[in-house]
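Step one of this worksheet: look at the structure below.
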Amino acid sequence: MTTPVAVIGCGLIGRAWTIVFARAGCPVRLWDAAPEVLESLPDRLRAMCDEAGEDPAILERVSTHATMAEALDGALWVQENGPEKLDIKRAIYAELDRLASPETILASSSSALVSSQFAEGLAGRGRILVAHPVNPPHVVPVVELCPSPDTTPETMDRAEALMREVRQVPVRMTAEIDGFVLNRLQAVLLAESLRLVESGIVTAEGVDDTLRHGLARRWVLLGALETINLNAPGGVADYLDRYGPTMARLSDDAARGEAFTPGVAAKLADALPAPARVAELSAKRDRDLTALSHFLKTLS
């Protein structure tokens with residue numbers, strides 16, 4: 001892996017991205033607006049390697065630079081990790097677009113701003129996207145790739161390919177949406193958790209135990225949609241036929257008309273393993289859950 005990378009903004013997320021790229025073999029060039037942050041980077045990165053069990057030799061691929069222009073020299077991918085403030089993001093991207101080579105992709109770690117908000121009017125807006133990680137990205141591999149209406153398909157193809165090469169798990173989106181995917185899912189789950197606790201139905205510990213020892217056990221192996229595909233003999237269409245009305249009743253008003261429909265069931269049935277494989281995959285799930293249960297006991 002030899003794609004040269006520039007990491008712009010070297011707080012916690014920027015340092016974690018540095019580990020991701022360096023351990024995959026990329027030369028990584030670092031810049032931060034604060035000189036004291038740059039000065040502290042070698043020690044902080046070595047500490048992160050120690051904590052994550054990474055070979056500190058990967059840091060031989062990492063260099064720090066006094067100016068943004070120096071850090072961008074030769075980079076084909078930029079991972080920007082600046083503050084979540086629109087005026088600052090716009091200023092950073094105006095500079096990135098001016099200084100970076102035309103073939104360089106400019107990716108933001110933004111978790112709140114979509115790229116159309118800070119790429120608007122820039123000549124290179126077609127090479128700008130959000131590559132939103134989950135903290136910390138050197139440990140949790142999923143990365144949401146969110147284009148603006150101007151982001152080119154080639155940019156998205158290259159972004160997805162690079163994320164796979166550096167052993168992250170890219171989730172390629174087709175359009176901008178507030179909160180991307182992860183935070184929208186998290187927000188719904190958190191809202192219901194808080195409602196249940198506030199109403200006195202269950203304690204905070206009870207909610208977390210339900211997730212930790214219930215839903216999350218299956219979801220860590222399969223995700224929510226693969227899970228329901230195995231929870232009825234005829235797969236996901238069978239599941240939604242049996243339980244969809246109940247789930248619709250329990251969900252919020254906005255989701256009822258959009259989520260639990262025959263059209264959604266058909267789309268999922270096409271995307272997930274066929275009903276003929278339910279028994280086989282259920283047996284594998286149970287073996288994997290047993291192995292996971294044994295492993296979790298070693299942590300307690």
Side-chain angles (χ1 to χ4, degrees), residues 1-66 71 75 77-84 107-112 130-145 159 162-171 180-183 185-186 190 204-205 208-209 211-213 216-217 219-221 223 288 291-300:
M1 184 69 206
T2 57
T3 300
V5 171
V7 173
I8 303 300
C10 298
L12 178 60
I13 299 298
R15 295 195 301 273
W17 272 119
T18 299
I19 301 295
V20 169
F21 292 121
R23 72 184 174 198
C26 300
V28 187
R29 303 169 68 82
L30 308 180
W31 177 80
D32 193 280
E36 65 273 17
V37 171
L38 281 177
E39 192 174 316
S40 69
L41 282 176
D43 289 342
R44 288 174 178 264
L45 289 169
R46 278 193 294 272
M48 287 186 78
C49 283
D50 290 342
E51 291 166 4
E54 297 287 349
D55 184 351
I58 66 173
L59 300 179
E60 293 173 8
R61 305 183 184 106
V62 177
S63 57
T64 59
H65 299 272
W77 177 275
V78 173
Q79 190 72 43
E80 171 272 319
N81 313 282
E84 295 276 334
S108 178
S109 296
S110 173
S111 61
V130 169
H132 172 232
V134 177
N135 186 29
H138 66 305
V139 177
V140 183
V142 77
V143 181
E144 300 176 293
L145 302 179
L162 178 65
M163 287 299 106
R164 293 193 190 283
E165 287 175 10
V166 299
R167 300 192 292 278
Q168 299 298 95
V169 178
V171 174
F180 311 122
V181 175
L182 185 142
N183 280 330
L185 295 174
Q186 183 171 236
L190 281 174
E205 182 182 17
D208 281 345
D209 280 346
L211 295 173
R212 185 166 44 227
H213 301 295
R217 293 266 183 129
W219 287 358
V220 74
L221 298 171
D288 290 345
L292 175 61
S293 179
H294 291 324
F295 169 73
L296 290 173
K297 288 176 182 175
T298 70
L299 302 179
S300 58

Next item on the list: Inspect the surroundings of CD in Glu205 and state if more than 12 heavy atoms from other residues, nucleotides or ligands are less than 6.0 Å away.
Entry: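 Not more than 12 within 6.0 Å, no.
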For the residue pair [X] and [Y], establish whether any side-chain heavy-atom pair is separated by less than 4.5 Å.
| X | Y | result |
| --- | --- | --- |
| Asp55 | Cys49 | no |
| Val140 | Asn135 | no |
| Asn81 | Leu12 | no |
| Ser63 | Leu30 | no |
| Val130 | Leu145 | no |
| Leu296 | Arg217 | yes |
| Phe180 | Leu185 | no |
| Gln79 | Phe21 | yes |

Check: Could you give all pairs that pass the side-chain hydrogen bond (donor to acceptor under 3.5 Å, both in side chains) test and reach residues 41-52, with sequence neighbours left out?
Finding: Ser40-Arg44, Asp43-Arg46
Margin query: Side chains of Ser109 and Glu80: any donor to acceptor distance under 3.5 Å?
Written below: no
Next item on the list: Using distance alone, with no hydrogens and no angle criterion, decide if Glu84 and Ser110 have a side-chain donor and acceptor under 3.5 Å apart.
Entry: yes
Notebook entry, point to check: Does the side-chain contact (heavy atoms from CB on, under 4.5 Å) test come out yes or no for Leu182 and Glu144, once each step is laid out?
Noted result: CA-CA 8 Å; Leu182 185 142; Glu144 300 176 293; 3.6 Å; yes
Next item on the list: Would you check, one step at a time, whether the test side-chain contact (heavy atoms from CB on, under 4.5 Å) holds for Ile8 with Val78?
Entry: CA-CA 7 Å; Ile8 303 300; Val78 173; 3.7 Å; yes
Test item: [X] side-chain N/O and [Y] main-chain N/O as donor-acceptor pair under 3.5 Å:
| X | Y | result |
| --- | --- | --- |
| Arg61 | Ala22 | yes |
| Asp32 | Cys10 | yes |
| Gln168 | Pro141 | yes |

Shortest non-hydrogen contact between [X] and [Y], atoms and distance:
| X | Y | result |
| --- | --- | --- |
| Trp31 | Ala71 | CB-CB, 3.7 Å |
| Leu221 | Asp288 | CD1-CB, 3.8 Å |
| Trp77 | Met163 | CZ2-CE, 3.9 Å |
| Ala66 | Leu38 | CA-CD1, 4.5 Å |

Next item on the list: Give, for atom CZ of Arg29 and atom OG1 of Thr18, the distance between the pair rounded to the nearest 0.5 Å.
Entry: 13.0 Å
Notebook entry, point to check: Sequence neighbours excluded, which residues qualify as salt bridge (charged side-chain N to carboxylate O under 4.0 Å, His left out) partners of Glu54?
Noted result: Arg23
Note to self: Apply side-chain contact (heavy atoms from CB on, under 4.5 Å) to residues Val143 and Val171 and explain how you reach the verdict.
What the structure shows: CA-CA 6 Å; Val143 181; Val171 174; over 6 Å; no
Next item on the list: Output, in order, the C-alpha distance, side-chain angles, deciding distance and verdict of side-chain contact (heavy atoms from CB on, under 4.5 Å) for Asn183 and His132.
Entry: CA-CA 11 Å; Asn183 280 330; His132 172 232; 4.0 Å; yes
